[in-house]
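In what follows, chains carry the letters A, B, and so on, assigned in the order in which the sequence lines appear, proteins first and then strands, with residues in each chain numbered from 1.
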Amino acid sequence: MMGMNGDTACAYAVKQCNPEVVAAYPITPQTIIVEVFSEYVANGEVTTEFIPVESEHSAMSTSIGAAAAGARAYTASASQGLALMYEMLYIASGLRLPIVMTCVNRALSAPINIHGDHSDAMGARDSGWIQLYCENSQEAYDTVIQAWRIAEHKDVLLPVMVNIDGFILSHTLENVAVLPDDAVKKFIGEKKIPVVKKPNGELTPYVLHPDYPVSMGAIDLQDYYFEHKRQQAEAMKHALRVIKEVGEEYGGLTGRRYGLIDPYMMNDAELAIVVMGSTAGTAKYVADLMRSKGVKAGVLRVRSFRPFPRDEIVKALSKVKACAVLDRSMSFGSYGGPLFVEIRSSFCYECQKPIMINYYYGLGGRDTPPHLLEDVFYDLKKIAETGKTGEEIRYLGLRDDREADNYKAELISFKDLNEGKIGGR
Amino acid sequence: MSEEKSWREIPMGGLTWLNSIEYKTGEWRSFRPVVDHNKCTRCMQCVIFCPDIAIKYKPDVNMIEINLDHCKGCGVCAEECPVHAITMVKEKD
């Protein structure tokens with residue numbers, strides 16, 4: 001047992017995994033990972049080649065190069081840093097390179113904000129990366145270790161993004177149970193190089209090696225690009241199974257089992273909150289509180305957002321009367337946040353489905369204390385009793401959330417700067 | 001190219017049919033570089049400039065040699081040769 005924050009827990013897990021290459025560029029709130037890991041390198045506690053690059057674009061490029069050469073590569077980023085990696089994210093997944101990255105979720109500018117929300121990772125939602133969201137530092141530690149096994153599985157071969165909420169997890173001290181170094185080493189094993197069959201029937205290792213010259217990611221036009229994307233979709237489908245298998249095997253080792261979703265008091269729940277990341281902890285506390293008041297409350301935490309565990313979510317929620325999906329990022333102009341939209345469409349052809357509402361919450365690190373989630377359960381209770389949904393898209397913890405029709409009229413007018421004084425100047 | 005294959009039959013990550021040694025990109029060429037070995041001073045500028053590493057210096061015969069399996073006929077060598085020892089000749093149809 002060690003006292004660690006989420007960042008340190010990730011760095012410690014990476015230390016035990018001892019990847020060949022770590023290339024990273026510091027950005028709040030991920031900085032501690034890079035800082036702590038560079039100390040491990042300086043102290044000789046790892047044999048990792050640590051490459052302090054000049055930008056996140058280079059961090060991901062370096063990781064891609066390292067992984068293509070057969071190395072285990074790790075990096076970490078957040079917010080604008082992840083945004084700067086954007087084009088390379090697609091190359092990592094398109095080349096099927098099992099890179100592991102911690103994304104310490106932080107809001108995106110503008111206005112500038114360093115605190116936790118899921119906007120950064122959601123921007124990379126369709127980049128072909130597996131996305132796992134952690135509830136606490138313990139899970140961050142556990143997931144970084146499992147990530148290698150998921151990424152490198154022969155049916156998957158995709159990069160994995162381990163998401164932890166900025167500051168709430170990254171900077172908050174927590175008890176974390178750690179495995180002995182050799183247990184981690186044994187669990188992740190040696191990295192194996194995939195051998196693939198070329199269309200001419202020859203076998204070749206999928207690695208950049210002078211003895212086996214290959215070109216990776218060469219031009220792929222109308223004739224084959226689509227086929228390669230279909231393969232990625234298939235790999236994501238297999239990841240649904242592999243994430244569970246690896247989570248189970250890890251559970252056998254540690255007693256902490258992980259799956260695609262994490263249902264809490266959902267067996268007989270009538271009202272449920274669906275949420276990702278650290279807020280699930282608060283929601284579980286509130287569910288206990290509601291249970292003590294005789295309300296059949298439950299929480300469904302979605303751990304794997306990519307691949308999206310559609311069947312498991314439908315199964316977990318189908319008997320619920322009303323549920324609230326909490327989104328910590330906005331898709332401007334969309335009818336609901338990314339998690340809500342997907343959960344609602346999962347139920348499209350289901351006969352038995354709950355009434356669903358969506359709350360945007362916690363943007364830019366806005367605090368989500370228990371009383372707000374209590375309000376959500378009371379809202380759900382009212383909806384379940386009356387059968388009336390009311391406003392489908394709501395805002396949690398936002399001041400003055402009434403309709404905004406007059407917003408423009410109140411705050412914006414146009415005037416020529418040459419026409420005379422504006423605002424007393 | 002041979003018959004188009006399904007997504008189940010092709011290697012992942014856009015791994016190419018053949019590697020860069022096996023794939024004869026020289027077939028794309030419409031102009032062929034021809035070296036006048038009497039003019040050539042063995043300065044190696046063409047070796048350095050060739051974007052395909054298709055020109056090599058052979059020390060045993062003290063001559064440069066162009067690998068026509070991979071030369072795409074871009075003409076950079078002819079352009080850069082300081083003594084104009086390389087000329088681009090149209091390939092026969």
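- For A:Leu157, the part sitting under 4.5 Å from any heavy atom of chain B is the side chain, from C-beta outward, and nothing else.
- Contacts between A:Phe226 and chain B at a heavy-atom distance below 4.5 Å are absent for every atom of the residue.
- Ring to ring, A:His209 and A:Tyr212 are close: their centroids are under 6.0 angstrom apart.
- A:Thr204 touches chain B through its side chain: at least one heavy atom from C-beta onward sits under 4.5 Å away, while N, CA, C and O do not.
- Note on A:Lys198 versus B:Glu9: no salt bridge recorded, every NZ/NE/NH1/NH2 to OD/OE distance being 4.0 Å or above.
- Contact annotation for A:Glu234: only side-chain heavy atoms (C-beta onward) come within less than 4.5 Å of a heavy atom of chain B.
- A cation-pi contact, defined as under 6.0 Å to the ring centre and within 45° of the axis, is absent between A:Arg125 and A:Phe305.
- Using a 4.0 Å cut-off between charged side-chain N and carboxylate O, B:Glu91 and B:Arg32 make a salt bridge.
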